[in-house]
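Following: one structure in structure tokens, then a few remarks.
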Amino acid sequence: MSPSVIRINTALPGTPRARVMIVYTGGTFGMVRDGSGVLIPLDFGSILEHLPALRQLQLELSVVAFDEPIDSSNIEPHHWREMADIVQQHYRDQDGFVILHGTDTMAYTASALSFMLEGLAKPVIFTGAQLPISEPRSDARENLITALEIAAAKGREGARVPEVCIYFGSELLRGNRAKKAESQHFDAFQSENYPPLAKAGVKIDYLDSAIHRPGPDAKLHVRSTFDSRVGVLRIFPGINPLWVRSVTETPDLKGLILETYGSGNATTARWFLDAVRNLVSRGVIVLNVSQCPGGMVIQGKYETSRELADMGVIGGGDMTLEAAVTKMMLLLGEYGPGETRTRIGVSMAGELTHVTVT
Ligand code: ASP
């Protein structure tokens, strides 16, 4: 991460209405064509040339960029730590943050940051683009300008949206509820189980009742240890026992997320249930999340999930896979297996509608 911060006061000679930091990590957003037409990452110091409309926002912008901007397919937990460190370092002097990130893993990063930034009282808004900023029809400009508006927005009790969110294609979504659902159209993200926190049209309409507010004494505390010895097993009709066992017998596995059908159902074939039971009895945390983007896991509703509940598989409620993976890695890293078992089915940052510990 480059230590240098570029400051751009778009309010001069007036006073800025807010201070917002832009963190550029890479992705399609910042691609521009070089002399030979090849897409290369933008030098973010020159953002005003691409987006002169920024001058009208009356903000003091600070821009930091990853030393080497990356495609978000290459994101690792140490990048989440870098982003959280930047937020922590500049937390006092900024009113909000906009993180520019590739769309492919944006929902994982936004989920991770929502769990890392405990006591957050300022907006951390992720955005990106489906078309590079250098393209005439790019969605980058609208996404960035509205994300900045949201990061700067103030309400009666401080920041209007003191949460980790994704703004994309006119909707503001809670970060740990969002999923990438579209790779072509501009509305790339969906949040089936939680309403948008805001919709941007002629004006930005906030759904205040859905926005989480920290208590008046909330203090930022950053959690940053991840244990990535976790796995995901998506079941399907005809799944091969050898494949399932190769996953469940992985040495040193600490957590497994089972992606099941509907409201948490799985095959009741004996070999499958035995493989999962062995895992649970070895102390591995097994979390049941649904392959359905909407609705929730209710273990015991059907006979095909009752045994999972009985053997100690934990119901993941309406958590997204992205939230489940990042939460499990963070809980295992910070607290170890005992606490992870207690905490994983309980909402940490608004990622779950109901507590569904089974
Ligand atoms: N592959 C790109 C990334 O996730 C796609 C994008 O930016 O939308 O970094």
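Whatever order the structure lists ligands and atoms in, that order sets their numbers, starting from 1. Bear in mind the structure is a predicted one, so any value in this text is a computation, not a measurement.
- Numbered from 1 in the order shown, with element, the atoms of ligand 1 that lie under 4.0 Å from a heavy atom of A129 read 8 (O).
- Regarding atom 6 (C) of ligand 1, its nearest protein heavy-atom neighbour is T28 OG1, 3.0 Å.
- Side chain of R343 to main chain of G338: no donor-acceptor pair is present (N/O by atom type, distance under 3.5 Å, no hydrogens or angles).
- Closest protein heavy atom to atom 8 (O) of ligand 1: T103 OG1, 2.4 Å.
- Looking only at protein heavy atoms, the nearest one to atom 9 (O) of ligand 1 is S72 N, 2.7 Å.
- Qualifying salt bridge (Lys or Arg N to Asp or Glu O under 4.0 Å) partners for E118, counting only residues two or more places apart in sequence or in other chains: R223.
- Other residues sharing the hydrophobic cluster of L242, ordered by chain and number and joined by side-chain separations under 4.5 Å: none, the residue standing alone.
- T103 approaches A129 most closely through the heavy-atom pair CG2-O, 4.1 Å.
- A donor-acceptor pair is defined here as one N or O able to donate and one able to accept, closer than 3.5 Å; no such pair exists between the side chain of N288 and the backbone of G315.
- Each of the following atoms of ligand 1 lies closer than 4.0 Å to a heavy atom of G27: 7 (O), 9 (O).
- Residues Y167 and E142 bring a donor and an acceptor atom of their side chains to less than 3.5 Å of each other.
- The distance criterion of under 3.5 Å between nitrogen or oxygen atoms is not met by H101 with respect to ligand 1.
- Remark: ligand 1 and K180 share no N or O pair separated by less than 3.5 Å (distance only, no angle test).
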